[in-house]
Amino acid sequence: MTSTCSVDIETYSSAELIKVGAAAYARHPSTRILLIACKFGADLWQDDLTSGELSARTRAVLEDNAVVKVAWNAFFERQLIACVLGIPCPPTSWRCTQAHAMYLALPASLEKAGRAVGLKSEEQKLSSGKKLIREFCKPEKKTGQPRKTPASDPEDWKAMLEYNIQDVVAEEAIAERLRPWPMPEVERRMWELDQAINDRGIPVDDQFVAAALQIDGELREKMTARATELTGLENCNSRDQMLKWLRTHDEIKTETLTADDVRRLLAEVTDPVLKEVLTIRLGLARSATAKYAAIERSSCDGRVRGALQFSGASRTHRWAGRLVQPQNMARGLSSDADIAAAHAVINARDAGWMSLAYDDCIGTLADTVRSAISAPPGQTFVVRDYASIEVVMLAWLAGDGEMLDTIRSGRDPYKEFIVAQRGIAYDDVTKAQRTYAKPVILGCGYGLGGAGLVAYAGSMGVDMDETEAWSAVRQYREQRAAVPKLWRGLEKAASKTIKRKSRYKFGGVQFEFDKRGPVLLMHLPSGRTLAYWHPRLELDEQKREQLTYDGMNQYTRQWSRIPTWGGKLVENATQSVARDVLAHGLEAVSENLEVVLHVHDEIVVCVPEESAADSDRVLETKMGAPDWCLDAPIKTDGFIGRFYRK
């Protein structure tokens, strides 16, 4: 039987962990480890490194790769122990209780997860921890008070020692609660691969980022000065002051000042001063600075590490972005030539020259954020993504033969929708029309009605009113009858499973009621399982029966009661199996190449320029359909280039 040891550390640094991330935090010259608590079987001990060296038994455990170390958010412990203590921490000798909890759709917070699984009060994380961390682990300039030390505040330091020990107790208690639902072996391997990818990091161009931030600062200073000159406002960046000034003009009719409001007003007003002020307002609202600043803060030696969160999207187990948030970068420039030209101008650090080269300098900076992810000299990126993977997997789950045949034939499902909707030839479908169809195909596939589709389309930059949205909904449901059948089938199977505390299956998805949670388990064709805690059938406001469960509310970020329905269950299942296709590809590609990034449905490797073509063939071969969905028409597209782009 494998020996395991629970580990928890407390640290000090002048770097801000939440802003720079664990990897940059671990490498900061001020960072040091204060405490290490270990629990090896019944043996619980603690090293206080403020008053002594690392003990022999702690070192022996950390250096022995045959002993599996377990921690909550093990990436943090691994980075700190490796960088500060110089002890290698390969992912294969570590396990992460946080990853296990998130695999089961529990909170990522140790404190919240403890409450969610019902830990006893003596097992839970101490609530005094935040105050103690603030007093002992952060510099004076951040807390506003002199930093406490063991010598200055011995009684509070005793509480800090207890807090460190109690974290280990809480972590082990949660692990014990989760024991009936272990992570599958394939997911354990995937977590190890995730750690290796995060350890490797995303290559970024630090010099370009610094240049972009410098020019951005100069441009914003000039724009702010010009706006102040035009408006006479004390603070033209103030929303309330700007809104009040705009309302003094008869042409302005608005109660809010969102980016969409500003764009609408720009299309309506004729006064040149108003147009200039609104243009400046829109430019200052662009988020390029925040993205560049995040890259600068979290980069170490030209690499951003820890930007991918395993199972960060909770229930579906998809990865989430952290730090630089690669999942939501602007699409930006699409050709290496355009990107290289923009880089040349920005790297000159001359805001005046850039103003001559580009009409919209702030927009150009925003359009080049993605390309800050750049291959080192002599290397290049090879990128491949799964084409329309959610559309493919939804059709595959629903058994929608017509849609599957369309995709197999190489025809675009988004264009086909426009052909049916507008009666035009396939080759006459424009790029704008195809873009319009995307939210319809995806949103309607998950059961959205008219109002929901309007909001969903808006989030994708597509404008539609509720009348045309409902028309699209009706058309989709008529064309894709197998999909509504899947909504109804999964909802009925889940409801029967809860009522009878048994197992029911629809298509390739099986539900199981596990009384030990109680938890509703959704077993997917990929072999993976989704968890819905404390499921119940309750009456909604219209007295209709509705399935509810305990989960993380995506808006409040609190553990609360969440309703669900057939369309949402289909969305969970579809996004999950699409994620599993990506996971299969990651594991297969990593046998031959080093993955540096993956975003949504694409895999990015960084290779020597001379081996790019061979590497692309490897990706194309390895990113095929897994054994469990060999009949799904999974295809990939890609590119080779120095810059990361869309």
Side-chain angles (χ1 to χ4, degrees), residues 216 219-220 222-291 328-334 355 358-370 414 418 421-422 430-440 442-444 448-473 555 646:
D216 184 81
L219 290 171
R220 287 174 185 273
K222 290 179 181 178
M223 292 166 69
T224 300
R226 178 60 175 161
T228 300
E229 178 186 342
L230 292 171
T231 63
L233 294 174
E234 181 180 345
N235 179 9
C236 65
N237 289 315
S238 164
R239 172 195 168 278
D240 292 340
Q241 288 185 35
M242 180 59 74
L243 194 56
K244 184 177 180 180
W245 181 83
L246 288 169
R247 285 176 181 161
T248 63
H249 297 76
D250 293 338
E251 286 189 76
I252 300 295
K253 305 294 182 186
T254 186
E255 297 298 321
T256 56
L257 204 58
T258 65
D260 285 341
D261 292 325
V262 176
R263 291 188 189 96
R264 174 179 57 80
L265 291 170
L266 271 170
E268 295 173 354
V269 302
T270 57
D271 185 285
V273 173
L274 283 176
K275 277 192 173 293
E276 186 175 358
V277 170
L278 289 168
T279 300
I280 291 172
R281 176 77 187 184
L282 193 60
L284 290 173
R286 299 293 291 266
S287 61
T289 304
K291 283 289 187 186
N328 65 2
M329 286 182 166
R331 177 173 289 271
L333 302 175
S334 58
S355 297
Y358 295 98
D359 293 332
D360 181 5
C361 296
I362 295 292
T364 300
L365 287 170
D367 286 342
T368 51
V369 166
R370 185 182 288 267
Y414 304 120
I418 296 297
Q421 183 188 58
R422 306 187 185 186
T430 66
K431 185 177 180 180
Q433 290 170 332
R434 182 182 185 276
T435 298
Y436 174 91
K438 274 194 170 185
V440 175
L442 293 172
C444 290
L448 291 182
L453 182 56
V454 168
Y456 183 67
S459 71
M460 297 177 69
V462 174
D463 292 326
M464 64 175 69
D465 60 36
E466 197 162 335
T467 299
E468 63 179 315
W470 271 115
S471 175
V473 168
Y555 303 108
K646 276 292 185 184

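Just the heavy atoms: all of them, side chains too, but no hydrogens, waters or symmetry mates, feed the values below.
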Identify the two heavy atoms, one from [X] and one from [Y], that lie closest to each other, and give their separation to 0.1 Å.
X: Ala457; Y: Met464; answer: CB-CE, 3.9 Å
X: Tyr436; Y: Val462; answer: CD1-CG1, 3.8 Å
X: Ser355; Y: Cys361; answer: CA-SG, 3.4 Å
X: Met460; Y: Pro439; answer: SD-CB, 3.6 Å
X: Thr228; Y: Cys236; answer: OG1-SG, 3.7 Å
X: Arg263; Y: Leu282; answer: CG-CD2, 4.0 Å

Item to complete: For the pair Ile418 and Arg434, evaluate side-chain contact (heavy atoms from CB on, under 4.5 Å) and give the outcome as yes or no after the intermediate values.
Response: CA-CA 7 Å; Ile418 296 297; Arg434 182 182 185 276; 5.9 Å; no
Once you round to the nearest 0.5 Å, how far does [atom1] of [X] lie from [atom2] of [Y]?
X: Lys431; Y: Tyr414; atom1: NZ; atom2: OH; value: 14.5 Å
X: His249; Y: Leu265; atom1: NE2; atom2: CG; value: 12.0 Å
X: Leu233; Y: Asn235; atom1: CG; atom2: CG; value: 8.0 Å
X: Trp245; Y: Asp240; atom1: CH2; atom2: CG; value: 16.0 Å
X: Thr279; Y: Asp360; atom1: OG1; atom2: CG; value: 9.0 Å
X: Leu284; Y: Asn237; atom1: CG; atom2: CG; value: 5.5 Å

Item to complete: Using a strict 4.0 Å threshold on nitrogen-to-oxygen distance, state whether Glu268 and Lys253 make a salt bridge.
Response: no
Response to the item:
Checking Leu278, Thr231, Val269 against Leu246 for side-chain contact (heavy atoms from CB on, under 4.5 Å), the one that qualifies is Leu278
Please check: side-chain N/O of [X] versus main-chain N/O of [Y], any donor-acceptor pairing under 3.5 Å?
X: Lys275; Y: Leu266; result: yes
X: Arg370; Y: Met329; result: yes
X: Glu276; Y: Val273; result: no
X: Gln421; Y: Ala472; result: no

Item to complete: Evaluate whether atom CZ of Arg331 has more than 12 neighbouring non-hydrogen atoms of other residues, nucleotides or ligands under 6.0 angstrom away.
Response: no
Worksheet entry | Set of side chain to side chain donor-acceptor pair (under 3.5 Å) partners for Asp261, sequence neighbours left out | Thr256, Thr258
Discussion item. Among residues at least two apart in sequence or on other chains, which ones pass side chain to side chain donor-acceptor pair (under 3.5 Å) with Glu255?
Written reply: Arg247
Is there side-chain contact between [X] and [Y], with at least one heavy-atom pair below 4.5 Å?
X: Ile252; Y: Leu243; value: no
X: Arg226; Y: Lys222; value: no
X: Asp465; Y: Val454; value: no
X: Ser334; Y: Lys646; value: no

